[in-house]
Amino acid sequence: MKLYGALIAVAAISLAAGLAGSVGALQPLLGIGVPYCALAILLVGLSWRVIRWSRSPVPFRIPTVCGQQISLPWIKSSRLESPHSTLGVIGRMGLEVLLFRSLFRNTRSRIDQGPRLIYGEAKWLWLGAMAFHWSLLVVVLRHLRFVVEPVPAVALWLDGLDGFFHVGVPVLYVTDIVLIAALLYLLVRRLREPQVRFISLFTDYFALFLLLGIALSGIWMRYFARVDAVAVKQLALSLTVFSPSLPKNLSAWFFVHLGLVCTLAAYLPFSKLMHMGGIFLSPTRNLANNNRMKRHVNPWNYPVKVHTYEEWEDEFREKIEAAGLPVEKH
Amino acid sequence: MRDRGLIYSALALFLGLVTFPAWHNLSAHVTGKGPEVRLPVNAKQCVAPVEYMRTSHMNLLIDWRETVVRTGRRDFTAAGGKHYNMSLTPTCLEQCHGARKDFCDRCHDYAAVSPPCWNCHQDAKAVLRSAK
Ligand code: HEM
């Protein structure tokens, strides 16, 4: 039900956007109202989540490390796996964000004949995740050609690189194939592996189907249905300068693509996709492991009224001594 | 931890980057007007309906190329019954649109596409054109 529910939800959104997009009177709503609202929800929602996270107390260093921490000078410490300085933390975070280092350590366990428990490497998930995230980044950066004029150099450069093979017209982008292949792998893995399928929720499938829908509608529009890219850019530019005007010849396929993208944008702050910001705020990753070098005083400590043993002994000294019990201070 | 200053600066940087197109376009006075394409003076009708040409002229050109190179036939009959020579520079440019920088390149710079056709195919001389 979670699987089919998510599939039906994404199909329904696409259908609604496509149908509404083919009705002229509804186009302003879809082409102007919805994108502005979705972007506002994205920016406000994301800021709200980050601000809430920033207010939670982190009184103690709790990095999860997998290397030797700094100690005696003759014991070699691992600066990246158990960083004790800000520089080390930046290096560790950089590797995590750019190369998914912790996922690279992913292992699998299975029971062999014997029975014997076997642990092994499992790098496919890492590869699929890297392929997906990097091609998504390239695709998003390439889209800058629609929203910035003159087109920024990075978009032109990525465009050339991505179309390097000059296959077909319009030129085939390598990232389009990688993106779809990676998303399909991530979906199939979720369905095929019983444990992963068991813990999968609606939101897991919904995010995957949404991204697949966006990528497929984009590919469909570029290589098969064809849309007027000049008209799309006119709309996008008019939105960015807050004087929206809707060109006439926009096809329904474009509205499917845009509708799904807006859904993703508005959904992102409330979903697991917030890991985009969360990764930077993970206390198990972004803190230096220097608990034994620096004293971390809980900044939320409040004065507690205490009654020490010495005070207690002073209070009852006569009675203790009268009873013949030992005292600390004579 | 007292990292809020850092967190809020990073958040502000992120918001600034996401809204970069708006800052950039507003300060560069960009509008949604689109590229200014010079139209031919001596013809009213393209080889195919203009809506089709807007989205799919590249498909038509590739069709032409493959027909010419593979079958040697060069005659194209348009929907209105008019005949054209299936040829990039002589028909598209010399017969109507003139220099590519007045026509093809206007849109292509706008949409950031740079078809490699001109590595081999010749440009045409600019001819008198009425600005759109
Ligand atoms: C998360 C955001 C988005 C993703 C992941 C995405 C994905 C894609 C993909 C995979 C393609 C296939 C061709 C290519 O790779 O360039 C595509 C094409 C396209 N996208 Fe998007 N898209 C997104 C947002 C948008 C937005 C906001 C717009 C509106 C300005 C847009 C307009 C288009 C258009 C017009 C095409 C066809 C391009 C062509 O014909 O060359 N996309 N998109």
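Below, read A as the first sequence line, B as the second, and so on, with proteins coming before strands; counting in each chain starts at 1.
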Q: Measuring heavy-atom distances to chain B, does A:F280 have an atom under 4.5 Å in its side chain, in its backbone, in both, or in neither?
A: neither
Q: Would you compute the distance between atom CE of B:M86 and atom CZ of B:R65 and round it to the nearest 0.5 angstrom?
A: 13.5 Å
Q: Mind checking the OG1-CG spacing from A:T240 to A:L39? Nearest 0.5 Å is all I need.
A: 11.0 Å
Q: How about CD on B:Q122, more than 12 heavy atoms from neighbouring residues, nucleotides or ligands closer than 6.0 Å, or not?
A: no
Q: At a heavy-atom separation under 4.5 Å, does A:D228 approach chain B through its side chain, its backbone, both, or neither?
A: both
Q: Which one of A:R55, A:E149, A:H166 has the most heavy-atom pairs closer than 4.5 Å to chain B?
A: A:E149
Q: Going through the checks in order, is the side-chain contact (heavy atoms from CB on, under 4.5 Å) test met by A:L246 and A:L235?
A: CA-CA 6 Å; A:L246 205 66; A:L235 170 67; 3.6 Å; yes
Q: Quick check for you: among B:A12, B:S114, B:G34, which has the greatest number of heavy-atom pairs under 4.5 Å with chain A?
A: B:G34
Q: For each of B:H29, B:H24, B:E51, tally heavy-atom pairs with chain A at distances under 4.5 Å, and name the one with the top tally.
A: B:H24
Q: Measure distances from B:L15 to the heavy atoms of chain A and classify the residue's part below 4.5 Å as side chain, backbone, both or neither.
A: side chain
Q: Could you look at B:P115 and say if it's the side chain, the backbone, both or neither that has a heavy atom under 4.5 Å from chain A?
A: neither
Q: Measuring from B:D75:CG to B:N85:CG, what's the distance to the nearest 0.5 Å?
A: 8.0 Å
Q: Heavy-atom pairs under 4.5 Å with chain B - which of A:V171, A:V230, A:L281, A:N286 has more of them than the others?
A: A:V230
Q: Looking at A:L273, is its backbone amide N or carbonyl O close enough to the side chain of A:S271 to form a donor-acceptor pair, meaning the two atoms are under 3.5 Å apart?
A: yes
Q: Once the angle between the rings of B:F76 and B:Y84 is folded into 0 to 90°, is it parallel (under 30°), tilted (30 to 60°) or perpendicular (over 60°)?
A: tilted
Q: Given that the side chain runs from C-beta out, which part of A:P150 has a heavy atom under 4.5 Å from chain B: side chain, backbone, both or neither?
A: both
Q: Tell me, side chain or backbone of B:V18 under 4.5 Å from chain A's heavy atoms, or both, or neither?
A: side chain
Q: Please state whether the side chain, the backbone, both or neither of A:S243 comes within less than 4.5 Å of a heavy atom of chain B.
A: neither
Q: Name the region of A:I51, side chain, backbone, both or neither, that has any atom closer than 4.5 Å to a heavy atom of chain B.
A: both
Q: Could you tell me how the ring of A:F270 sits relative to the ring of A:W48: parallel (under 30°), tilted (30 to 60°) or perpendicular (over 60°)?
A: tilted
Q: Checking heavy atoms, do the side chain of B:T19, its backbone, both or neither come under 4.5 Å from chain A?
A: side chain
Q: Where does A:V241 contact chain B at under 4.5 Å (heavy atoms): side chain, backbone, both or neither?
A: both
Q: After noting the C-alpha distance and the side-chain angles of B:W23 and B:S27, does the key distance pass the side-chain hydrogen bond (donor to acceptor under 3.5 Å, both in side chains) rule?
A: CA-CA 6 Å; B:W23 307 128; B:S27 64; over 6 Å; no
